[in-house]
Participant: 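One structure follows; several queries about it will come next.
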Amino acid sequence: MAHDEGTSRRKFLTVAGAAAASASVAGCTGGGGGQETTTTETDTTTETTGGGTETETETTESGGEGEEFAVTITQGQMPTTLDPQNHRSTPTDNVVLHAYEGLLGRDQKGKIVEKLATGYERQEPGRVRFTIREGVTFHNGDQLTPEDVAFSINRVVNEDVSIASPQSDQLAGVTGAEVVDGQRAVDVMSDGINPIVFSLFATYCDVMQKSWVQERSKSEIAQQMNGTGPFALEEYQSDVKVEFTNYEDYWRDPAAVTSLTFRAAKESSTRVNQLLEGESDVIVNVPPQDIPRIRNSGETQLSAAPSTRIIYNAMKYNVEPFSSPQFRRAMNHAVNLDSIIENVLSGFADPTGQPTLEGFFGYNSDVNPYPYDKAQAEQLVEESGHAGASITLHTPVGRYLKDVEIAQAVANQIDQLSNVSCSVKQREFATLAGELTDGNLETSPDFYLIGWGNATFDASQTIIPLLTTDGALSSYSNDEVDSMMQQAQSQGDESQREQTLQEVNQLLHDQAPWIYLNRQYSVYGVRQRVQWQARRDERIDAYAMAPAEGQ
Amino acid sequence: MSMGRFLLKRSAQGILVVWGVVTVVFGLRYITPGNPVTFVAPLDASQELRQQIATELGLNRPFYVQYFDYIFNLLQGDMGYSYIRGVEASGLIFARLPATLELAVAASIVAVVISIPLGVISATRRHEPADYAATSFSLVGISTPNFWLGIMLVLILSVQFGLFPTSRRGIGLLPALEMLVTQFQISGLVTWLAHITLPAITLGTYFTALITRLTRSGMLDELGKPYVRSSRAKGLPETLVRYKHALRNTLIPVITVLGLQLGTLIGGAVITEAVFAWPGLGTLLINAITARDWPLIQGSLIVIGTGFVVINIFVDALYAYINPQVVH
């Protein structure tokens, strides 16, 4: 018995040794395999190809008219779902918008353009009418009907229709939609005037097919697609890739991009390497330190656009020393914003002096950023009666471009004042966001850095949630601001409303509830074979891409 | 105790441990700050919408109801639906498992293939240049952070020389093998190897260094033991003494460590997965944690925990098999 066991143990060790040896051989060929891959992959050009060869092949293919033009886009994250109405994330939006479309859309500069609607007008306060485009088909071949449009709107705003959509307040004020009898039109109802209703529909609410949605489970809708957009879903591997082909029967001309792949790499250096190696054609969020590598490679370039996101430091209005407007103004003067933009963000940002960004409805062009003035800051601190104050800036880590570095620079500059000391506390975004959104101002930090994106290009969508008394994320309260915003939301006349919003922006500049920091830029790395311009709303629209001339 | 009873006892203990893991992991959500609703709902959502979403996700029910519900469903293989993605958590997790397993196994292979010969050479040529080279290598290997190593390998071998793809998983091992068998195409396997080489080296370097040291010290230990001296005295050839007797005994603890490291590799591949955009369980878990997607967090941790337990039982059994004294 003992002998038998001994034999088999010996056998085991022999086998283990043999396995190790064969693995060693495999390991050696593995190294060489990498080189072989280059040639093999060029020959086969299968789906599974990787490495620089993929793009080399594509480059040759994209030579002439009507040829294949495959593009790969790498974001920081993969989409969480393919259901266009059950998410609130930009990476997801960027993927689904290629297959789904809304009634209205925006051009590269942010101007409203018609998409699935050919006309839109106000009928009466609280009712607007969209005329639905004819000859639009879903990817399954069915025609788009007004019923589909009404269903899609109701699916977002009315949880009884199918889901409690996290997008319901993207259509703020909208109560429902119905098909207009005898016409190819849909009426959308709102409580109140809803002055920004067209602005909302230009950014939100993708149209889905009623019967297609009703025939599928939630899980199926999250993994399949049937839209009217320029690209149809080819293959979806959750967290690995989403692949589209251009939809031949699209109501506009078919896209120049024939095949579109979305991938994700969380690490920015990984994305930059993928771009440089030709494994990706467009990458998002190029960090400032990698800008020279992309500029100097010869085959890649940068495309940047001011985004819709503002970075700011909120100061809680009812807590000393921030309860004093002088102290808050002092903080704005203490920060050398131009230096931060130049040194931390490599120039890819704009300074701000009001909550509304340039180009938005309600922006006040007479308001300038606070100038850097240390002496004035110190004097204002003295006047406020809070000399000697010690404050702590809470900042999320890795949520916004260079967030920690910006916070450290701000805190350091405030700390340079002779009569205020300031330190930074790094926070995990999840916890910080939880404190800010729990509806209780007491639990929020007194002084924190955060960013806010507003894709509606309307001042109200920043000021109401962030700077009015009942705003979901507000740490500021001012009766004058509240009443002026109420007034703005009931003004049907555009120029009157614009004037009200501009006045609010002036007031908010003077009251300084925030340290106004930078407008974030979206910085993309792009292969030169692709002709494409970055957009303001952080969307990557592959329909606008074309092979670069001479490529 | 017979081998059968030994295994039975270990398995029963294992089940208890898994239950403990489930309970602890479930408890974690109650002590972790950050409400999942914050991530499903937009930042500026109204309190009503938050309530609605909380109800839809079942977060309003009492703790014990959620706990027993979870255990009941888990026993049927149901890990719940991902809060953020709205699809079954188990589907997502098991789709990611092969990528991580492949990476962990490949890294272990890199480690075994390099470390054991290196350790043996180092021990048998003590105080010679080969020994110094091997010990220096293991010192550097243990001290190199693997995210740095990964980035350097990519910069040099991929970006500079274009030898390997920079990142991603080109194809899974199983589809690659399927291609080989059904279409007689080797290109899938080659692609797989090209993609996995750098991540496997990155992840495996630390363990290579660790096992080199372990093998070296174990071997030195064995070579100094009386049975080695008497074997030599009996006139056995030196190679037989070293590689048949001493090495065999050295390998026993090495196997234990390797087994346990495989578990660590599965759980700890997070950084390597991030550097190489490798679609494994580590990345899934990290994304789930930042989004407080509890069904995914719990599911991934339970799978990793259970993996650890299974590997442990397997290593124990193997150990008992190689060295029967353990059972008694």
Side-chain angles (χ1 to χ4, degrees), chain A residues 5 9 12-13 20 23-24 27 29-31 33-38 40-41 44 46 48-52 77 80-81 83 86 88 159 164 166 168-170 218-219 222-223 238-240 263-267 269-270 273-274 276-277 279 429-431 433-434 436-439 465 471-473, chain B residues 33-35 38-47 49 52-53 56 81 84-88 92 95-96 109-110 112-113 116 151 154-155 158-159 162-171 185 187-188 190-191 193-195 197 248 251 274-277 279 283-284 287 290 292 321-322 324:
Chain A
E5 275 185 17
R9 272 197 297 280
F12 164 75
L13 289 167
S24 136
T29 47
Q35 283 174 321
E36 273 172 39
T37 317
T38 334
T40 321
E41 283 175 4
T44 54
T46 56
T48 53
T49 56
Q77 282 174 343
T80 54
T81 171
D83 183 344
N86 196 14
R88 278 289 285 257
E159 62 168 314
S168 64
D169 52 1
Q170 284 185 334
K218 203 174 142 186
S219 183
Q223 297 177 79
S238 170
D239 294 316
V240 178
R263 293 188 181 276
K266 206 177 167 71
E267 269 294 309
S269 62
T270 306
N273 288 333
Q274 287 187 348
L276 293 175
E277 254 304 274
E279 292 168 19
F429 178 74
T431 328
L436 299 180
T437 54
D438 61 5
L473 268 169
Chain B
N35 185 345
T38 309
F39 299 91
V40 182
L43 280 181
D44 59 340
S46 62
Q47 290 305 322
L49 180 63
Q52 249 175 46
I53 291 171
E56 197 174 277
Y81 278 77
I84 307 280
R85 300 154 188 251
V87 293
E88 281 177 356
L92 285 168
R96 293 294 201 97
I109 290 174
V110 168
V112 170
V113 167
I116 295 177
I151 291 173
V154 170
L155 279 181
S158 304
V159 178
L163 298 179
F164 294 96
T166 64
S167 46
R168 301 195 277 118
R169 180 181 184 225
I171 184 174
Q185 276 199 357
S187 62
V190 172
T191 308
L193 267 174
H195 279 91
T197 305
R248 255 184 68 178
L251 283 183
V275 170
F276 289 95
T283 324
L284 183 75
N287 287 340
T290 35
R292 299 290 189 275
Y321 184 62
I322 299 172

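In the text below, chain A, chain B and the rest are named by the order of the sequence lines, each starting its count at 1. Bear in mind that the values here come from a model prediction, so they are computed numbers and not experimental data.
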Participant: Please identify, among A:Leu436, A:Asn273, A:Asp83, the residue contributing the most non-hydrogen atom pairs under 4.5 Å to chain B.
Facilitator: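 Among the listed options, the one with the most contacts to chain B is A:Asn273.
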Participant: For a quick test of reading the model, state the closest non-hydrogen atom pair linking A:Ala264 to B:Ala277 and the distance between them.
Facilitator: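 Nearest pair, atom of A:Ala264 first, then B:Ala277: O-CB, 3.7 Å.
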Participant: Between A:Glu159, A:Lys266, A:Lys218, which residue shows the highest count of heavy-atom pairs closer than 4.5 Å to chain B?
Facilitator: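 Answer, by heavy-atom pair count under 4.5 Å with chain B: A:Glu159.
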Participant: For each of B:Val110, B:Thr290, B:Val275, B:Ile116, tally heavy-atom pairs with chain A at distances under 4.5 Å, and name the one with the top tally.
Facilitator: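 Option with the top pair count is B:Val275.
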Participant: Using the rule given for side chain to side chain contact (heavy atoms under 4.5 Å, CB included), can you reason through A:Thr431 versus B:Arg292, listing the C-alpha separation, both sets of side-chain angles and the distance that settles it, and then say yes or no?
Facilitator: CA-CA 10 Å; A:Thr431 328; B:Arg292 299 290 189 275; 3.8 Å; yes
Participant: Of the backbone (N, CA, C, O) and the side chain (C-beta and beyond), which part of A:Ser269 lies under 4.5 Å from a heavy atom of chain B, both, or neither?
Facilitator: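 The answer is the side chain of A:Ser269.
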Participant: Go through the atoms of A:Gln274 and report whether side chain, backbone, both or neither lie under 4.5 Å from a heavy atom of chain B.
Facilitator: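 Backbone plus side chain of A:Gln274, per the 4.5 Å heavy-atom cut-off to chain B.
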Participant: Determine whether A:Val240 and B:Arg169 satisfy the following criterion, side chain to side chain contact (heavy atoms under 4.5 Å, CB included), listing intermediate values before the conclusion.
Facilitator: CA-CA 8 Å; A:Val240 178; B:Arg169 180 181 184 225; 5.9 Å; no
Participant: Would you mind checking which part of A:Gln170 comes under 4.5 Å of any heavy atom in chain B, side chain (CB onward), backbone (N, CA, C, O), both or neither?
Facilitator: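 The answer is neither part of A:Gln170.
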Participant: What's the spacing between A:Glu279 CD and B:Ser167 OG if we round to 0.5 Å?
Facilitator: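 Answer rounded to 0.5 Å: 5.0 Å.
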Participant: Who wins among B:Ile53, B:Val159, B:Ile151, B:Asn287 for the most heavy-atom pairs under 4.5 Å with chain A?
Facilitator: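 The answer is B:Val159.
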Participant: So which atom in A:Ser238 and which in B:Arg85 form the shortest heavy-atom distance, rounded to 0.1 Å?
Facilitator: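 Taking A:Ser238 first and B:Arg85 second, the nearest heavy atoms are OG-NH1, 3.8 Å.
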Participant: Quick check for you: to the nearest 0.5 Å, what is the distance between B:Thr283 atom OG1 and A:Glu267 atom CD?
Facilitator: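 If we round to the nearest 0.5 Å, B:Thr283:OG1 and A:Glu267:CD are 11.0 Å apart.
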Participant: Against chain A, label B:Ala274 side chain, backbone, both or neither, depending on which of its atoms sit under 4.5 Å from a heavy atom there.
Facilitator: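 It is both, since atoms from each part get that close.
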